[in-house]
There are 2 protein chains.
Amino acid sequence: MTDERTARSDARRNRARVLEVAAEVFAAEGFSVPVHEIARRAGVGTGTVSRHFPTKEDLLTAIVGARLADLTAEADELARREDPGTAFFALFTAFVRAGAADCGLAELAGADRRLDELGERAGADLCGRLQELLAAAQESGAVRPDVGYSDVRALISACMARKDPLEPILAVVADGLSARSSTR
Amino acid sequence: MTDERTARSDARRNRARVLEVAAEVFAAEGFSVPVHEIARRAGVGTGTVSRHFPTKEDLLTAIVGARLADLTAEADELARREDPGTAFFALFTAFVRAGAADCGLAELAGADRRLDELGERAGADLCGRLQELLAAAQESGAVRPDVGYSDVRALISACMARKDPLEPILAVVADGLSARSSTR
DNA sequence: CTAGAATCGGGACGGGCATCCCGCTTTGCC
DNA sequence: GGCAAAGCGGGATGCCCGTCCCGATTCTAG
């Protein structure tokens with residue numbers, strides 16, 4: 001439809017502008033901002049938004065998908081270069097920081113199901129990597145064995161939702177998750 | 001208006017029934033359930049609901065206020081009978097368990113501001129008690145000094161949102177919060 | 001420059017929901 | 001038993017929002 005090559009130049013411009021504005025607005029105020037408002041700030045009509053992105057969900061997918069892909073790539077990088085424990089905690093922190101900087105991403109991460117379903121696979125990929133790293137970290141003894149993936153997800157979500165400095169809560173959670181805590 | 005003594009008997013009955021049903025429904029499905037649905041399940045008209053509780057918020061206040069009052073009383077009890085560290089962790093756990101059993105309460109606890117306001121309206125300053133217990137527990141050296149009240153709130157909220165067993169995540173968070181973690 | 005097609009703007013539409021209203025029913029006192 | 005008055009039911013109203021549509025506008029190939 002809006003092919004990057006064949007589309008009219010004004011259409012390409014508008015599409016990019018909508019994406020840019022929507023990314024800012026979702027990051028600042030979350031996904032509940034009306035489409036109408038995004039159109040207004042982008043200086044286009046609502047019709048223009050919904051032609052490029054037939055559904056609000058499509059818009060979200062286009063924006064958040066890119067962020068998730070970045071994080072997934074980082075996860076792979078970490079898995080390759082670091083030991084399991086280090087890699088797991090690094091991904092945990094990166095995920096949290098990404099969410100803290102992007103209100104929309106944080107909302108999404110809070111709704112377990114939606115993150116998995118988002119887009120084709122962007123969300124599922126990241127979730128899969130996180131699960132693998134958790135398992136590996138537990139295997140290697142860096143993370144206590146009694147926590148589940150869903151516990152980790154909940155903790156990530158709690159950390160991202162913070163407005164205040166992240167360091168204290170990250171320290172608390174990292175200490176709690178590490179194996180030395182469970183053994184006193 | 002709907003005075004417990006002077007009201008007509010059918011009015012009292014209906015009011016009680018609405019409260020009962022709403023408490024169940026909010027606990028099971030959260031605050032987003034339409035008022036219409038509550039009326040239907042209670043076997044009354046929507047008008048009856050909104051006469052007794054002019055606003056959906058009023059209904060929520062009536063229900064959650066009672067829970068908050070219970071927890072506040074428990075907090076006072078704990079503060080009187082236990083040492084600060086024990087009392088703090090006990091309240092933490094009680095709060096989490098209450099939220100895990102009540103979807104509506106969990107939603108509310110996630111929205112920092114609203115819980116404060118609702119507690120105030122219901123005359124149950126649970127948040128204040130939690131803050132006091134945290135401060136006392138930190139003073140006594142039971143809780144690491146670098147965590148803030150808002151960190152605690154976030155962790156509580158994350159724990160309550162769980163559907164799976166609470167024990168693992170409670171153990172993780174308790175270990176992370178305790179002072180021995182911060183000192184290695 | 002021009003024509004025709006792609007794109008635009010923003011109003012129309014529909015669905016969901018909280019709240020209000022009013023004709024009818026039930027209650028409780030005499 | 002009868003009659004105000006209180007209470008009831010649920011349809012009407014208003015608001016918010018996402019999506020669709022179409023006459024007006026802008027682009028670009030020739």
Side-chain angles (χ1 to χ4, degrees), chain A residues 1-23 25-26 28-64 103-104 107-108 111 114 117-118, chain B residues 1-23 25-26 28-64 103-104 107-108 111 114 118 121:
Chain A
M1 173 141 296
T2 314
D3 187 295
E4 205 61 30
R5 303 180 160 284
T6 62
R8 241 169 64 172
S9 66
D10 56 340
R12 280 200 306 268
R13 219 185 1 251
N14 277 328
R15 186 178 198 278
R17 176 133 188 76
V18 167
L19 260 179
E20 183 190 343
V21 169
V25 173
F26 284 162
E29 304 179 36
F31 189 51
S32 67
V33 176
V35 171
H36 176 84
E37 175 66 12
I38 290 168
R40 197 184 62 75
R41 295 203 205 182
V44 303
T46 61
T48 299
V49 174
S50 66
R51 191 166 341 92
H52 290 302
F53 306 96
T55 277
K56 195 179 184 181
E57 193 77 17
D58 294 334
L59 187 51
L60 182 71
T61 301
I63 292 169
V64 180
C103 202
E107 273 176 29
L108 217 57
R114 282 189 72 195
E117 291 166 0
L118 186 81
Chain B
M1 174 147 296
T2 313
D3 188 295
E4 205 61 30
R5 303 176 160 286
T6 60
R8 244 167 64 170
S9 65
D10 55 342
R12 279 200 307 269
R13 212 175 328 123
N14 277 328
R15 184 178 200 279
R17 176 131 188 76
V18 167
L19 260 180
E20 184 190 342
V21 169
V25 174
F26 285 163
E29 305 179 34
F31 188 51
S32 67
V33 176
V35 171
H36 176 85
E37 175 66 13
I38 291 168
R40 197 185 62 76
R41 294 202 205 184
V44 303
T46 61
T48 300
V49 174
S50 65
R51 191 163 346 89
H52 290 303
F53 307 95
T55 276
K56 195 179 185 182
E57 192 78 15
D58 293 334
L59 187 52
L60 183 72
T61 301
I63 292 170
V64 178
C103 201
E107 272 176 31
L108 218 57
R114 283 187 71 194
L118 200 151
R121 218 168 24 240

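So that the names make sense, note that chain A is the first sequence line, chain B the second, and so on, each numbered from 1. Everything numeric in this text was worked out from a predicted model, so none of it was measured.
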It should be established whether His52(B) places a side-chain nitrogen or oxygen under 4.0 Å from OP1 or OP2 of nucleotide dC8(D).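 For dC8(D), OP1/OP2 do have a side-chain N/O of His52(B) under 4.0 Å.
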Between Asn14(A) and dC8(C), is there a contact of a side-chain N or O with OP1 or OP2 at under 4.0 Å? yes
Run the salt bridge (Lys or Arg N to Asp or Glu O under 4.0 Å) test against [X] and tell me which residues pass, sequence neighbours left out.
{"X": "Glu29(B)", "result": "Arg41(B)"}
{"X": "Asp10(B)", "result": "Arg8(B)"}
{"X": "Arg17(B)", "result": "none"}
{"X": "Glu20(A)", "result": "none"}

Go through dG7(D), dG9(C), dC27(D) for me and flag the one nearest to the Ser9(A) side chain. dC27(D)
Expressed as a whole number of angstroms, how long is the span from [X]:[atom1] to [N]:[atom2]?
{"X": "Arg17(B)", "N": "dC8(D)", "atom1": "CZ", "atom2": "C1'", "value": "16 Å"}
{"X": "Glu37(A)", "N": "dG10(C)", "atom1": "CD", "atom2": "C1'", "value": "15 Å"}
{"X": "Arg15(B)", "N": "dG7(D)", "atom1": "CZ", "atom2": "P", "value": "12 Å"}
{"X": "Arg13(B)", "N": "dC8(D)", "atom1": "CZ", "atom2": "P", "value": "9 Å"}
{"X": "Arg12(A)", "N": "dT26(D)", "atom1": "CZ", "atom2": "P", "value": "19 Å"}

Scan nucleotides 12-25 of chain D nucleotide by nucleotide, 5' to 3', and note B when protein non-hydrogen atoms come under 4.0 Å of the base, S if they reach only the sugar-phosphate, - if neither. -----SSSBB----
More 5' along DNA chain C: Asp10(B) or Gly43(A), using each one's nearest nucleotide? Gly43(A)
Between Thr61(A) and Thr55(A), does a side chain to side chain contact (heavy atoms under 4.5 Å, CB included) hold up when you go through it step by step? CA-CA 10 Å; Thr61(A) 301; Thr55(A) 277; over 6 Å; no
Could you pull out all residues at least two apart from Arg114(A) that satisfy side-chain contact (heavy atoms from CB on, under 4.5 Å)? Phe31(A), Glu57(A), Leu60(A), Leu108(A), Ala111(A)
